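Structure first, commentary second.
Within every chain, numbering begins at 1; the chains are lettered A, B, ... in the order of the sequence lines, protein sequences first and strands thereafter. If you're wondering where the values come from, they're calculated on a predicted model, not measured in any experiment.
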There are 2 protein chains.
Amino acid sequence: MRTIWPVGDGTRVGVIDQTRLPHELVFGGLVTLEDAATAIRTMQVRGAPLIGVTAAYGVALAMAEDASDQSLEHAIAYLSATRPTAVNLRWALAEMTRILRPLEPENRFSAAVAHAGEIAEADVASSRAIGDHGAPLIAAAWRRKGGDKPVEVLTHCNAGWLAAVDWGTALAPIYRAYDDGVPIHVWVDETRPRNQGAALTAWELGQHGVAHTVIVDNAGGHLMRSGMVDLCIVGSDRTTAGGDVANKIGTYLKALAAHDNDIPFYAALPSSTIDWEIVDGAAIPIERRDGREVTHVEGWTESGERVAVRITPKASPVENYAFDVTPARLITALITERGVCAASREGLLALFPERR
Amino acid sequence: MRTIWPVGDGTRVGVIDQTRLPHELVFGGLVTLEDAATAIRTMQVRGAPLIGVTAAYGVALAMAEDASDQSLEHAIAYLSATRPTAVNLRWALAEMTRILRPLEPENRFSAAVAHAGEIAEADVASSRAIGDHGAPLIAAAWRRKGGDKPVEVLTHCNAGWLAAVDWGTALAPIYRAYDDGVPIHVWVDETRPRNQGAALTAWELGQHGVAHTVIVDNAGGHLMRSGMVDLCIVGSDRTTAGGDVANKIGTYLKALAAHDNDIPFYAALPSSTIDWEIVDGAAIPIERRDGREVTHVEGWTESGERVAVRITPKASPVENYAFDVTPARLITALITERGVCAASREGLLALFPERR
């Protein structure tokens, strides 16, 4: 299964509605530009790689309706404004612009479907390569601890196949190591406020058969201090040219705990999440989302009904930053589709010399 | 209002049922030893100082029924087993034993009620003194930032009057500074899995009129990196003779972030939470609680119904450690009823020379 797929000639795009997992596997259909923008904004699709691919298909849907220059420009601007932090969105939209702008309007829809498909395939290949490069790090940690007990990995949020098209970023090395026979157990941060760990990562790992345990976001520090974590792997929504990583809010706290306990902390990312124009992570815009994500928790009652319950006093304000920045100094290495490198300008340029 | 009070001759003890806040202020009545133990175990009453006082009243309730030596011993052992981490529980029970054991059974009940009341009054006095000693630290931080903008304080869990008998520990300096006219805004960690921040601290601060904003536990690191926090104050469930602090799970992560950003990090505690027999926090037993606190979230529907919703896949295991240990090196100072001291053996002994 993939997270996104064109249906027929591409005038309809299928997705998994990720707001309904883990209790219901519900599919959605995107038919218009507005559908694609709404799916990204409401996080029916989420994860840096997947929102890039969804935006690409969103441009195709816009071209199906109106392939004029004006429509193309509108679609790019409209999709670009859906979410501010992940840079893949803008990268995918720039790619679509590059391909479509020189074409005659009558050729744009089919070219858009084809190129969105290429971006999706490239993402699958990137994810698979991240798995290939990251799995040896997990196997090495397992051997370091003697090879008799499972290697203990902690991850935050969901950077699995649900966040990409297939395989994922942070979870790709885990799946690959597991498939290679490395005994592995994953500590899954629930990842408030949207609980992508509890809802998506736990579900994904369970489907694949990987042993895992869900913990609250507060617990990781205690586990690390108690010797219960051998390495951490997270994804990235935007990586600076200097190796700073913007990722789901709370990532920085886990990186601090890993550093304080000499535990390797890796960020896994396709190069489409690298923002070569920024060195310092402080320049990354941090999305502020609806306070309802903090005041209310959505879940399922015993009778299987999906319900949102309020957990804060009605009179209390809330604030909801969606990402934080982990400085490169706290990151042991970056795992990319081209290999593993230091979280630094030199490290990244060694793998991507064309950016020198 | 206080969190616990004897009714009539003390054969009944009133409490606030803290599992029902912030949406309902419900009172409970404890009549038997079993009632007191259940209230502590299910966290209808919680917070290190308050569970100590509740245990003291629990002994009185046991003495009302059967004041024999055997009954006294049973009550002490039974209450002592309710929760393992907070040391106040054992301290209060040792106090009750010291007072009651030498007495004739017929004198034990009234002496128990009287002494439980003394422990409660001593806690109120301690909390007030913690407020007196801590408020100048907040005022100083406010002046350091220029005195024109509110001082920004971050707190984790609930160490307010609901956690004690009155005033609280971490919140006592906040209330005192606010009452003294220092403009103050508090970032309230929601504190998963039981959401004592979102439910109790937010409600308390709102009742007192203190400006505050609820955030997810993941957010504090970003706020600190962004210059939005001037100091942190937390409580303590057990403080070692070396200054290590066991407190609600997740405290350690905030202490790391404060340290990484040169932000003062204080723990406020009455001396009843100091375990003089332990120096290294690694020796503190960490309570593991029911996994249902992680798998389910309790809240209120729009129609005012109290509902628990499941947020994790049914097939995914969970783990639920209730506390972590923050090493003394990350703590700027301890705020006690005798004053402020370094989080170290020497610092504590300077305030409590009788422990030398």
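Here the CG-CE distance, from A:L256 to B:M224, works out to 9.5 Å after rounding to the nearest 0.5 Å. Between the OG atom in B:S226 and the CG atom in A:D324 there is a gap of 9.0 Å [rounded to 0.5 Å]. In this structure, OG1 on B:T312 lies 8.5 Å from NE2 on A:H212, to the nearest 0.5 angstrom. Within the model, atoms CG of A:N218 and CD of B:E190 stand 8.5 Å from one another, a figure rounded to the nearest 0.5 Å. Rounded to the nearest 0.5 Å, atoms CH2 (A:W203) and OG (B:S316) are 11.0 Å apart.
For chain B, the option among A:G197, A:G299, A:A199 with the highest count of heavy-atom pairs below 4.5 Å is A:G299. In terms of heavy-atom pairs under 4.5 angstrom with chain B, the leader among A:T213, A:L21, A:T191, A:V188 is A:T213. Ranked by non-hydrogen atom pairs under 4.5 Å with chain B, the options A:P313, A:A211, A:G221, A:A315 are led by A:P313. Ranking A:H259, A:K314, A:R310 against chain B, the residue ahead of the rest is A:R310, based on heavy-atom pairs under 4.5 Å. Of the listed residues (A:G291, A:A322, A:P327, A:G220), the greatest number of heavy-atom pairs within a distance under 4.5 Å of chain B belongs to A:P327. Interface remark: of the candidates B:T295, B:L330, B:I286, B:I286 forms the most heavy-atom pairs closer than 4.5 Å to chain A. Heavy-atom pairs under 4.5 Å with chain A peak, among B:T326, B:N320, B:V318, at B:V318.
Side-chain atoms of B:D217 never come within 3.5 Å of backbone atoms of A:D217 as a donor-acceptor pair (strictly under, hydrogens ignored).
Only the side chain of A:L223 comes within contact range of chain B, judged by heavy atoms closer than 4.5 Å. For a residue to count as touching a neighbouring chain, one of its non-hydrogen atoms must lie under 4.5 Å from one of that chain's; by this rule A:R225 touches chain B with the side chain only. For A:H156, the part lying near chain B is the side chain, with the backbone staying farther off; criterion is any non-hydrogen pair under 4.5 Å. In this structure, the portion of A:H23 lying under 4.5 Å from any heavy atom of chain B is its side chain and not its backbone. There is no contact between B:L200 and chain A, counting heavy-atom distances below 4.5 Å. Of the two parts of A:A219, the backbone and the side chain both hold a non-hydrogen atom closer than 4.5 Å to a non-hydrogen atom of chain B. Residue contact with chain B, scored on non-hydrogen atoms closer than 4.5 Å, is absent for A:R194. Looking at A:P317, the atoms closer than 4.5 Å to chain B (heavy atoms on both sides) sit in the backbone and in the side chain alike. Looking at B:V325, both its backbone and its side chain come within 4.5 Å of chain A, counting heavy atoms on both sides. Neither the backbone nor the side chain of A:E305 comes within contact range of chain B; no heavy atoms are under 4.5 Å apart. At a 4.5 Å heavy-atom cutoff, B:E293 makes no contact with chain A through either its backbone or its side chain. For B:P22, the part sitting under 4.5 Å from any heavy atom of chain A is the side chain, from C-beta outward, and nothing else. Residue A:L205 does not touch chain B at all, counting heavy-atom pairs closer than 4.5 Å.
Listed by sequence position, the residues of residues 233-245 of chain A in contact with chain B number zero, using a 4.5 angstrom heavy-atom cutoff.
For B:L253 against A:A257, the heavy-atom pair with the smallest separation is CD2-CB, 3.7 Å.
Dense packing is recorded around NZ of B:K145, with more than 12 heavy atoms of other residues, nucleotides or ligands lying under 6.0 Å away.
Using a 4.5 Å heavy-atom cutoff, the side chains of A:V309 and B:E298 are not in contact. B:I311 has its side chain within reach of A:V297: a pair of non-hydrogen atoms, C-beta onward, lies under 4.5 Å apart. Two residues are said to be in side-chain contact when any heavy atoms from C-beta on lie closer than 4.5 Å; B:E319 and A:M228 fail this criterion. Here the side chains of B:T301 and A:V307 are in contact, with some heavy-atom distance below 4.5 Å.
One finds no salt bridge joining A:R192 and B:D189 here, because no Lys/Arg side-chain nitrogen approaches an Asp/Glu carboxylate oxygen to under 4.0 Å.
In the model, A:Y252 has a side-chain atom that pairs as donor or acceptor with a side-chain atom of B:D260 under 3.5 Å.
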